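Shown next, in structure tokens, is the structure this report addresses.
Keep in mind it's a predicted model, so treat the numbers as computed, not measured.
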Amino acid sequence: MSSSSAPSALRQKQGRELLAQGPWLALTALVILAVILPIVPLQSQALADGGAGLKELLAMPGLGSVLRNTIYLGLGAMVIGMALGTTLALSVYAMPPRLQALLAFTPVLPLVIPSVAHVVGFVFLFSPENGYGNLLLRQIPIFASATTGPVNVYTPLWIIIYTGLHLSAFVYLFVYAGLNNLGADYGQAARVSGAGPIRVLFTVTLPMLRPVFIYSSLVVLLLALGQFTGPLILGRREGLDVLTTRMFVITTDYPINYGLAASLGTPLLIVAFFIIFIQRRMVGDQRRFVGRGAASRDRAPVRKATRIVATTYVLLYVILSAGLPLLALTYVSLSPFWSGQLSLENLSIANFEDTFDDSTILDAISTSLWVTVLGVVIVLPLGFLIALMLTNRDRIWRPLSVLIDIAAALPLAVPAALVGFGFLFAFSIPGIDLYGTRTALVIAYVTIMLPYAVRYQLTTLIALGKQTVEASRVCGGGPLRTFWRIMLPLIRGGVAASAAIMFVLLIHEFGVSLLLRSPDSTVMSVLLF
């Protein structure tokens with residue numbers, strides 16, 4: 001080969017590599033653009049006038065207390081949510097197949113209830129003075145002499161318990177999807193070698209779910225740190241402030257101090273970057289956690305007593321987290337007012353008749369369904385492409401995988417109310433003029449749901465592994481045929497779970513919708529508020 005042809009061959013090779021990375025480069029640029037769209041205006045407000053907002057934040061009275069409350073709530077809720085969600089997933093997985101098919105969705109019911117209504121349902125149950133649950137508890141001899149309580153839902157401890165109870169549904173979805181995609185090969189090998197069920201659980205099953213636990217715990221931690229509805233409704237009575245509620249208070253005062261409100265979100269952004277770094281370090285090589293193989297559909301035998309205990313545990317959780325709040329909400333909705341007394345007199349459906357006679361409510365229902373379905377349809381394949389990119393890091397330029405991993409997780413770090421302000425600024429720019437339109441809601445919904453679409457599908461792809469895909473390619477299957485015939489049937493459970501959770505979250509999304517709504521595009525959550 002001549003000396004002149006060598007550089008030409010090298011340039012051709014580099015051109016082919018660049019062409020192969022082109023789609024991933026475009027995907028990374030699109031995701032980064034979508035994520036920074038609300039963040040840049042916010043940080044611009046925080047840094048405006050020489051960082052006046054940040055200076056006010058550092059001088060703000062009670063900042064230390066607000067930060068401590070936020071951390072206390074976040075860590076406490078994460079511990080409770082992880083414990084409940086993991087045990088719920090293991091309990092459902094231990095049920096007989098027919099019962100499992102019937103009850104597998106029930107632990108997600110707390111997410112189906114709109115967050116504002118869910119919190120109010122717990123107030124109806126456990127308000128210390130006239131909560132229905134407390135009225136029943138005071139019938140027990142040990143609490144008979146009490147005039148209030150014994151549960152006070154407004155205290156920090158019970159706010160943490162409520163938040164953890166609510167977020168455990170997220171953990172359940174992560175862990176249950178991971179269990180379904182884990183396979184039984186290693187577990188069966190351990191049992192053949194003489195290991196009992198408990199030993200298999202702690203030495204095989206749980207270690208193989210390490211990526212699931214890391215992703216779910218960090219996602220729940222970020223959600224708990226950015227909690228808004230629970231601390232706002234429950235914490236204000238006892239003077240409990242977290243970062244999100246302090247932002248809300250600032251934005252209700254006129255003139256609004258946008259610089260200070262935006263600066264309050266800066267600590268959560270810093271925490272998000274730190275958590276993403278820790279996540280990447282802890283997971284390491286994801287191929288170590290693949291367990292699918294020929295025996296993937298087999299289940300280990302479970303004792304009858306274990307199945308009974310597991311079923312009872314799941315039913316108790318569903319009753320406490322969803323059944324009782326729904327029952328309290330239904331009873332109050334049939335009553336003229338909340339009296340704190342249980343009586344069947346004066347119950348009627350007058351409130352329902354008034355509600356569905358209002359055309360504004362019907363329009364809001366239509367708008368909610370339209371923007372939610374369209375948002376899910378857009379974000380689901382986008383999240384799958386990002387998850388696919390993250391599971392094939394060895395074939396993609398390292399800077400691209402790092403950038404898209406960070407960008408896809410960032411929307412979790414910013415409270416929804418603050419993201420709403422960011423989109424408000426972005427969509428009000430002359431020339432864009434999307435404020436108050438359904439298009440603005442769809443774009444915002446896609447952005448805030450991106451982390452869920454990525455994480456749920458990523459854990460499924462990690463559990464799936466690459467063996468079946470590589471086998472298909474060796475047998476001559478192209479990328480599209482491999483996807484439709486091999487990957488999609490195997491990951492449909494994780495994809496369906498991702499779509500379901502995003503639909504539920506978006507149908508009653510509040511923080512962003514409140515700031516982007518208009519008379520022509522109002523959704524149900526705003527009317528509920």
Does anything in residues 360-388 pair up under side-chain hydrogen bond (donor to acceptor under 3.5 Å, both in side chains), and if so which pairs, sequence neighbours excluded? Asp358-Thr360, Thr367-Arg438
Does Asn351 use its side chain to pair, donor to acceptor, with the backbone of Ser335 at less than 3.5 Å? yes
Using the salt bridge (charged side-chain N to carboxylate O under 4.0 Å, His left out) criterion, which residues pair with Arg246? Sequence neighbours excluded. Asp241
Is any side-chain heavy atom of Leu240 closer than 4.5 Å to one of Pro231? no
With sequence neighbours left out, what residues match Ala89 under side chain to side chain contact (heavy atoms under 4.5 Å, CB included)? Tyr172, Val175, Tyr176, Leu179
Report all side-chain donor-acceptor pairs from residues 441-452 shorter than 3.5 Å, counting only partners two or more places apart or in another chain.
| from | atom 1 | to | atom 2 | distance (Å) |
| --- | --- | --- | --- | --- |
| Tyr445 | OH | Ser513 | OG | 2.6 |
| Thr447 | OG1 | Ile443 | O | 3.0 |

Are Ser91 and Tyr317 side-chain neighbours, meaning at least one heavy-atom pair lies under 4.5 Å? no
Going by the rule ring pair (Phe, Tyr, Trp, His ring centres under 6.0 Å), which residues pair with Phe122 if we only count those two or more places apart in sequence or in a different chain? His118, Tyr162
Going by the rule side chain to side chain contact (heavy atoms under 4.5 Å, CB included), which residues pair with Val151 if we only count those two or more places apart in sequence or in a different chain? Phe126, Asn134, Leu137, Trp158
Side chain to side chain contact (heavy atoms under 4.5 Å, CB included) against Val79, all qualifying residues, sequence neighbours excluded: none
I'd like to check Leu111 versus His166 (side-chain heavy atoms, cut-off strictly below 4.5 Å). Are they in contact? yes
Beyond-backbone contact of Leu88 with Tyr93, side-chain heavy atoms, under 4.5 angstrom: no
Applying side-chain hydrogen bond (donor to acceptor under 3.5 Å, both in side chains), name anything that partners Tyr313, two or more places apart in sequence or on another chain. Thr87
Quick one: does Val171's side chain get under 4.5 Å of Leu84's, heavy atoms only? no
Looking at side-chain heavy atoms only, is the closest gap between Ile32 and Leu403 below 4.5 Å? yes
Going by side chain to side chain contact (heavy atoms under 4.5 Å, CB included), name the residues that satisfy it together with Leu324, two or more places apart in sequence or in a different chain. Leu125, Ile319, Leu320
Ring pair (Phe, Tyr, Trp, His ring centres under 6.0 Å) filter on Phe352, not counting sequence neighbours, yields none
Looking at side-chain heavy atoms only, is the closest gap between Leu73 and Asn69 below 4.5 Å? no
Can you run down the salt bridge (charged side-chain N to carboxylate O under 4.0 Å, His left out) pairs that involve residues 117-135, sequence neighbours left out, and say none if there aren't any? Glu129-Arg237
